[in-house]
Amino acid sequence: MDIPDSPEPVWHMLHLPRVGPEALIVILQGADRSDMAAFVPGWHEAVPRAAFAAILTERKSSADAALIALIRARIDEMGLTFGQVVLVGAGSAGHVALDLVLQGRAPGAGAIVVDLPRPALPRVMRAAPASLRFVQHRDEDDPEGRAFHEMIRVLRDLSFDIRTFALWDGPDPTNGALNTFLVELVAHASRYPSAARHPTRQDDSTDAA
């Protein structure tokens with residue numbers, strides 16, 4: 001999907017169900033143009049009551065109030081809450097999605113993060129435990145994934161609901177992993193239509209060899 005450059009975040013509505021949406025999937029695209037929007041045609045068949053939108057943000061940090069204000073305005077228009085939002089991002093946009101949740105700027109939202117570069121947690125985390133899903137390929141700079149696994153360990157210790165799909169070698173079932181995680185988080189989101197979620201902890205992870 002070709003979204004023009006802009007100093008402000010740009011919103012594109014990708015799919016809106018015929019009846020009121022039970023959840024909103026917000027696909028973040030960063031400066032590296034990691035494009036998760038290509039998966040949307042298959043995704044909205046799996047979660048037909050969910051709306052899909054994409055935002056291009058050039059931000060290296062999720063601290064920009066314009067990004068939060070844009071998402072908040074759109075979910076207010078749809079009659080949703082942040083607890084019914086699933087953020088999806090790959091690469092630099094994955095960092096933005098993760099920071100939005102961990103810094104409490106998208107309270108109750110879940111996130112699916114793909115190929116997080118230089119896995120690291122923000123210095124300040126204000127969020128209540130939320131649902132986070134990770135799909136991570138091998139990083140040549142950290143072939144054993146030590147930084148990634150350490151980040152996951154810290155989040156689990158903080159009672160975040162974590163599942164991971166680590167693709168170190170072999171086939172690349174990225175789309176299948178994303179579809180599984182999306183269906184799961186949309187189910188969480190649509191279950192509580194008027195309040196932020198408080199998911200229970202899951203220690204479930206999957207590693208593909």
Side-chain angles (χ1 to χ4, degrees), residues 23-28 30 34 36 39 43 46-47 50 62 81-139 141-170 172-192 195-209:
L24 171 64
I25 289 71
V26 179
I27 300 169
L28 300 176
S34 296
M36 293 287 98
F39 294 112
W43 284 351
V47 285
S62 58
T81 69
F82 272 115
Q84 292 166 275
V85 172
V86 178
L87 303 171
V88 181
S92 64
H95 257 307
V96 174
L98 184 61
D99 286 353
L100 285 174
V101 174
L102 296 182
Q103 293 176 354
R105 296 179 180 275
I112 300 174
V113 179
V114 181
D115 289 339
L116 192 65
R118 298 174 301 282
L121 299 173
R123 293 181 180 179
V124 178
M125 292 195 293
R126 298 186 176 92
S131 294
L132 300 172
R133 302 293 183 264
F134 297 88
V135 178
Q136 191 78 4
H137 292 78
R138 183 185 295 275
D139 184 346
D141 295 330
D142 184 14
E144 295 183 2
R146 292 180 180 179
F148 174 73
H149 289 301
E150 175 61 16
M151 182 192 71
I152 296 300
R153 183 193 65 77
V154 171
L155 289 173
R156 283 198 169 123
D157 286 347
L158 294 171
S159 296
F160 281 84
D161 168 24
I162 303 290
R163 289 188 67 195
T164 68
F165 207 111
L167 303 172
W168 299 139
D169 293 298
D172 183 8
T174 299
N175 191 28
L178 291 172
N179 190 75
T180 297
F181 288 163
L182 186 69
V183 169
E184 182 182 13
L185 292 193
V186 167
H188 283 319
S190 60
R191 195 173 300 152
Y192 302 101
R197 293 179 275 110
H198 296 282
T200 58
R201 177 180 174 182
Q202 297 180 10
D203 287 327
D204 203 336
S205 65
T206 303
D207 291 321

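Source: prediction; values computed, not measured.
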Original post:
Is the shortest heavy-atom distance from the side chain of Asp142 to the side chain of Phe148 under 4.5 Å?
Top reply: no
Subject >> Side-chain heavy-atom pair Met151, Leu98 within 4.5 angstrom cut-off >> reply: yes
Original post:
Is the shortest side-chain N to carboxylate O distance from Arg163 to Glu184 below 4.0 Å?
Top reply: yes
Subject >> Donor-acceptor under 3.5 Å (Arg133 side chain, Asp161 main chain) >> reply: yes
Original post:
CG/Leu182 to CD1/Ile112 distance, rounded to the nearest 0.5 angstrom?
Top reply: 5.0 Å
Original post:
How close do Gln136 and Leu116 get, heavy atom to heavy atom, and via which atoms?
Top reply: OE1-N, 2.8 Å
Original post:
Are any of the side-chain nitrogens in Arg105 or Asp99 under 4.0 Å away from the carboxylate oxygens of its partner?
Top reply: no
Subject >> Which atom of Ala106 lies closest to which atom of Leu87, heavy atoms considered >> reply: CB-CD1, 4.4 Å
Original post:
At their closest point, which heavy atom of Val101 faces which heavy atom of Ala130, and how far apart are they?
Top reply: CG1-CB, 3.7 Å
**OP:** Taking Gln84 for its side chain and Thr81 for its backbone only, find out whether a donor-acceptor pair lies under 3.5 Å.
**Re:** yes
**OP:** In sequence, state the C-alpha distance, the side-chain angles, and the governing distance for Thr164 and Ile152, and then conclude on side-chain contact (heavy atoms from CB on, under 4.5 Å).
**Re:** CA-CA 9 Å; Thr164 68; Ile152 296 300; 3.8 Å; yes
Original post:
Taking all non-hydrogen atoms of both residues, which atom of Leu185 and which atom of Ser131 are closest, and how far apart?
Top reply: CD2-CB, 3.6 Å
Original post:
Side-chain contact, heavy-atom cut-off 4.5 Å: His95 with Pro117?
Top reply: yes
Original post:
Could you state the interatomic distance from CZ (Arg153) to CD1 (Ile162), rounded to the nearest 0.5 Å?
Top reply: 12.5 Å
**OP:** I would like to know whether Leu28 and Val88 meet side-chain contact (heavy atoms from CB on, under 4.5 Å); could you show each step before the answer?
**Re:** CA-CA 6 Å; Leu28 300 176; Val88 181; over 6 Å; no
**OP:** Taking all heavy atoms of Glu144 and all of His149, pick out the closest pair and write down the distance.
**Re:** O-CD2, 3.8 Å
**OP:** Take Leu178 and Trp43, measure what side-chain contact (heavy atoms from CB on, under 4.5 Å) needs, and give me the verdict at the end.
**Re:** CA-CA 9 Å; Leu178 291 172; Trp43 284 351; 3.7 Å; yes
**OP:** Side-chain contact test, heavy atoms from C-beta onward, threshold under 4.5 Å: evaluate it for Asp115 versus Phe134 and give yes or no.
**Re:** no
**OP:** Report yes if the side chains of Leu102 and Phe160 come closer than 4.5 Å at any heavy-atom pair, otherwise no.
**Re:** yes
Subject >> Exercise: identify the closest heavy-atom pair between Ala23 and Ala189 >> reply: CB-CB, 4.0 Å
